[in-house]
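One structure is given below, encoded as structure tokens.
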There are 2 protein chains.
Amino acid sequence: MEYNEAKEKFINAWGSLATQWGINRAMAQIHALLLISTQPLCVEDIMEELQISRGNVSMNLRQLMDWGIVYKDVKFGERREYFNTQKDIQELARIIVTERSKREIQPTIRLLQEVSSIKGNGSPESNEFKKITSEMYEMAKAADDIVNKVVTQKSNWLTSLLIKILR
Amino acid sequence: MEYNEAKEKFINAWGSLATQWGINRAMAQIHALLLISTQPLCVEDIMEELQISRGNVSMNLRQLMDWGIVYKDVKFGERREYFNTQKDIQELARIIVTERSKREIQPTIRLLQEVSSIKGNGSPESNEFKKITSEMYEMAKAADDIVNKVVTQKSNWLTSLLIKILR
DNA sequence: TAAAAGTTTCAGAAATATTTGAAATATAAT
DNA sequence: ATTATATTTCAAATATTTCTGAAACTTTTA
């Protein structure tokens, strides 16, 4: 496979995979492009490469910045804004895991906490409901604990997790 | 909060959360309903409770069965099919993690494996591409290893993982 | 201060994903 | 073999999400 072919394949496939993860295609593609780029890119560059509109690029760059994985990179003497991404893959993954936990596990925990703590009316249905949602709540908290512990260990978090699991 | 209110809230919120995880609302709601139900339900029951069409229920039950978290539960002397779900929450989570890994991590690994192993033409762009995608590949493999190790440890996998991480 | 160069916003258009409902298919009872 | 009961399929309808493009806005330069 040629470099150009591989690059195109990577960006396209990454976009498709992302939709499965509940992340939108353009956002994933923009991020993929910044990741493999040798220098920061401006909005025009991204529009050009991915053949998408200015508005789309602007909105998705904002989202990527909200996620904390893309930064504005000011060039001296240049008017235009350039964008760059976290290139350290371990650190990138750490940020993404932290962020997804904040956006997905935490609301789930709140919901389960709330519904599992209802008074209940003693009916079998109400008892089963409390039982199952409480178990789910405990489980979600355990998952959250694990993520937090793993993720606050800055460098090489993945490798050291692997080592812990293997022994 | 009343039981009925809590039940409705749980099913609705679960459906919304699911869309964030890339899972469709009806599928998540059907699963939630089976989880908290005291007995297996037939298609009619589900249609009734969630106010969705027969076709929708049928298609999503099939998907849940493909995921391995919902089963047909034959009642003797009954024509109709009844559906039930894995009620052990730890085991349920184990299946879901395994299945998502199979459906999401593995295709990702294959992609990264493929694009990172191109010949390259020596240009800085091609070198950067190989470097980044190789790092992503290594990272995805490590994540996959961790998931496999954790998930093959049948019972209490989450708790024992937590213990390992804490010490 | 006005023009230039760039960025953001957002209403409507387009693309995707989900859902419906009725016909086709399957299975069981008579 | 026929009827009754239940399930599955899939084309069309609906709903949701994403994207576009032009206007509004912001910042810099002259």
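Naming convention: chains lettered A, B, ... in sequence-line order (proteins, then strands); numbering from 1 in each chain. The model shown is predicted, which means the values in this text are computed figures rather than measured ones.
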Next on the checklist: Suppose we screen for side chain to side chain contact (heavy atoms under 4.5 Å, CB included). Which residues come up paired with B:Asn12, at least two apart in sequence or across chains?
Outcome noted: B:Glu8, B:Gln29
Checklist entry - Does any pair with a residue in residues 56-79 of chain A pass salt bridge (Lys or Arg N to Asp or Glu O under 4.0 Å), and if so which ones, sequence neighbours excluded? => result A:Lys72-A:Glu81
Checklist entry - Backbone N or O of A:Val97 within a donor-acceptor pair of the A:Ser101 side chain at under 3.5 Å? => result no
Checklist entry - Of all the choices, C:dT19, D:dC19, D:dT8, which nucleotide is nearest to the side chain of B:Ala26 once you look at every atom? => result C:dT19
Checklist entry - Which pairs, with at least one residue in residues 95-106 of chain A and sequence neighbours excluded, count as a salt bridge (Lys or Arg N to Asp or Glu O under 4.0 Å)? => result A:Glu99-A:Lys102, A:Glu99-A:Arg103, A:Arg100-A:Glu104
Item to check | Chi angles and distances behind the side chain to side chain contact (heavy atoms under 4.5 Å, CB included) call for A:Ile118, B:Phe10 | outcome: CA-CA 12 Å; A:Ile118 59 164; B:Phe10 172 63; over 6 Å; no
Taking only N/O atoms, report every protein-nucleotides 12-17 of chain C pair under 3.5 Å with atom names and distance.
none

Checklist entry - What pairs of residues pass the salt bridge (Lys or Arg N to Asp or Glu O under 4.0 Å) test when at least one of them lies in residues 22-45 of chain B, not counting sequence neighbours? => result B:Glu44-B:Arg54
Item to check | Listed once per pair and sorted, the salt bridge (Lys or Arg N to Asp or Glu O under 4.0 Å) pairs that draw on residues 122-137 of chain B, sequence neighbours left out | outcome: A:Lys87-B:Glu128, B:Lys131-B:Glu135
Next on the checklist: Suppose the criterion is side chain to side chain donor-acceptor pair (under 3.5 Å): which pairs have a residue in residues 30-40 of chain A, not counting sequence neighbours?
Outcome noted: A:His31-A:Thr85
Please write out the pairs of protein N or O atoms and N or O atoms of nucleotides 9-12 of chain D separated by less than 3.5 Å, giving the distance to one decimal.
| residue | atom | partner | partner atom | Å |
| --- | --- | --- | --- | --- |
| D:dT9 | OP1 | B:Arg62 | NH2 | 3.3 |
| D:dT9 | OP2 | B:Arg62 | NE | 3.4 |
| D:dT9 | OP2 | B:Arg62 | NH2 | 3.0 |

Checklist outcome for this item: Within residues 31-47 of chain B, the residues having a heavy atom closer than 4.0 Å to DNA chain D are none
Item to check | Pairs where residues 84-109 of chain A contributes a residue and the test ring-ring contact (aromatic ring centres under 6.0 Å, His included) is met, not counting sequence neighbours | outcome: none
Item to check | side chain to side chain contact (heavy atoms under 4.5 Å, CB included) against A:Glu48, all qualifying residues, sequence neighbours excluded | outcome: none
Produce the list of close N/O pairs, under 3.5 Å, pairing protein atoms with atoms of nucleotides 26-30 of chain D; give distances to one decimal.
| residue | atom | partner | partner atom | Å |
| --- | --- | --- | --- | --- |
| D:dT27 | O2 | A:Arg79 | NH2 | 2.6 |
| D:dT28 | O4' | A:Arg79 | NE | 3.4 |

